[in-house]
Amino acid sequence: EAQVTQNPRYLITVTGKKLTVTCSQNMNHEYMSWYRQDPGLGLRQIYYSMNVEVTDKGDVPEGYKVSRKEKRNFPLILESPSPNQTSLYFCASSLSAGIYGYTFGSGTRLTVV
Amino acid sequence: AQSVTQPDIHITVSEGASLELRCNYSYGATPYLFWYVQSPGQGLQLLLKYFSGDTLVQGIKGFEAEFKRSQSSFNLRKPSVHWSDAAEYFCAVGAGNFNKFYFGSGTKLNVKP
């Protein structure tokens, strides 16, 4: 089944403790992206990647890192999480987002206390 | 600048009634248009998309959308709403080969029994 898999689905962590949210897609998509969703603010893009080793900032990149060492994986790294990063995170992939749109993962609900 | 506007934050309809969710976009070239649905606790699922050709597009779950260039609109419709359609709906615009993707702020649909 074609899908984007994120892990974990739920995560509660403490301020400052580094964490990684994994994302993997099995569709051989070139484009991958991370979004965060907050009430009243909609979906905001954090980072995106157009291919292996090619990444760029989205609208809200502060406090996040990404890497794209393999085509299928695009982990999101929070080196020192803060409470304002409490949010619902989505990974997405596409052949070309502007043309085909994104396929989304099921989301990761992160709480930073 | 590119933008997507969903003027209705919340909509409540009775089960069996018809539904229309509004979406207006601002984009300089021919847009690629999408509607996504997000059920509670779930990721975003693509309902339908418009690239070119017939301006009335059929999607999954009995939804359709009509592209009106003169009004810069891409409204989503369903003739008869079911209780399971209660969800949040997002309109999005893709910028073609520029691989940019813009979401509206979403419309939450509540279905009354």
Side-chain angles (χ1 to χ4, degrees), chain A residues 1-10 21 23-25 27 29-51 54-60 68 87-110, chain B residues 1-10 21 23 25 27-53 57 59-60 63 65 67 74 76 87-108:
Chain A
E1 180 189 353
Q3 59 186 358
V4 178
T5 303
Q6 291 178 236
N7 282 296
R9 287 294 307 275
Y10 301 93
V21 184
C23 174
S24 180
Q25 51 94 3
M27 295 166 281
H29 284 169
E30 309 224 319
Y31 295 90
M32 297 187 75
S33 186
W34 277 102
Y35 286 87
R36 62 178 288 175
Q37 185 179 26
D38 302 288
L41 296 176
L43 287 141
R44 295 179 292 170
Q45 191 179 48
I46 303 171
Y47 268 96
Y48 62 96
S49 170
M50 290 166 283
N51 213 327
V54 181
T55 63
D56 206 350
K57 297 176 181 178
D59 300 316
V60 288
R68 188 97 180 268
S87 186
L88 179 59
Y89 291 86
F90 288 103
C91 182
S93 74
S94 178
L95 279 172
S96 173
I99 295 175
Y100 301 108
Y102 277 112
T103 300
F104 283 84
S106 299
T108 295
R109 185 165 292 283
L110 172 65
Chain B
Q2 298 82 358
S3 67
V4 183
T5 303
Q6 294 181 246
D8 304 305
I9 299 173
H10 288 99
L21 301 182
C23 173
Y25 66 90
Y27 185 64
T30 300
Y32 295 76
L33 297 162
F34 307 83
W35 274 100
Y36 284 85
V37 60
Q38 184 181 24
S39 299
Q42 303 296 316
L44 280 79
Q45 181 183 20
L46 181 66
L47 280 176
L48 50 77
K49 56 191 174 187
Y50 170 78
F51 293 167
S52 63
V57 181
I60 62 171
F63 284 92
F67 170 57
F74 188 56
L76 183 71
E88 190 160 17
Y89 292 81
F90 292 91
C91 182
V93 171
N97 290 326
F98 291 103
N99 194 42
K100 291 291 187 181
F101 201 71
Y102 306 93
F103 280 102
S105 53
T107 298
K108 281 191 178 170

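Lettering follows sequence order; numbering is per chain, from 1. Because only heavy atoms are used, hydrogens play no part in the values below, and waters and symmetry mates are left out as well, while side chains stay in.
Both the backbone and the side chain of A/Tyr102 come within contact range of chain B, judged by heavy atoms closer than 4.5 Å. Only the side chain of A/Gln37 comes within contact range of chain B, with heavy atoms under 4.5 Å apart. For chain A, the nearby part of B/Phe90 is the side chain; its heavy atoms alone come within less than 4.5 Å. Residue contact with chain B, scored on non-hydrogen atoms closer than 4.5 Å, involves the side chain of A/Arg9 exclusively.
Among the candidates B/Ser105, B/Gly43, B/Ala92, B/Gly104, the residue making the largest number of heavy-atom pairs closer than 4.5 Å to chain A is B/Gly43. Of the residues considered (A/Ser106, A/Gly42, A/Gly58, A/Gly101), A/Gly101 shows the highest number of contacts with chain B, using heavy-atom pairs under 4.5 Å. For the options A/Ser33, A/Gly105, A/Ala97, heavy-atom pairs under 4.5 Å to chain B are most numerous at A/Ala97.
Heavy-atom contacts from other residues, nucleotides or ligands closer than 6.0 Å to OH of A/Tyr100 number 12 or fewer. Surrounding CZ of A/Arg109 are at most 12 heavy atoms belonging to other residues, nucleotides or ligands under 6.0 Å away. For A/Leu41, the CG atom sits in a packed shell: over 12 heavy atoms of surrounding residues, nucleotides or ligands are nearer than 6.0 Å.
With a 4.5 Å cut-off on side-chain heavy atoms, A/Leu88 and B/Gln38 count as touching.
Interatomic distance, B/Tyr36 OH to A/Phe104 CZ, rounded to the nearest 0.5 Å: 5.5 Å.
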**Report entry** Derivation and outcome, ring pair (Phe, Tyr, Trp, His ring centres under 6.0 Å), residues B/Phe103 and A/Tyr35
**Finding:** CA-CA 11 Å; B/Phe103 280 102; A/Tyr35 286 87; 5.4 Å; yes
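Closest approach of B/Phe34 and A/Ile99 over heavy atoms only: CZ-O, 3.4 Å.
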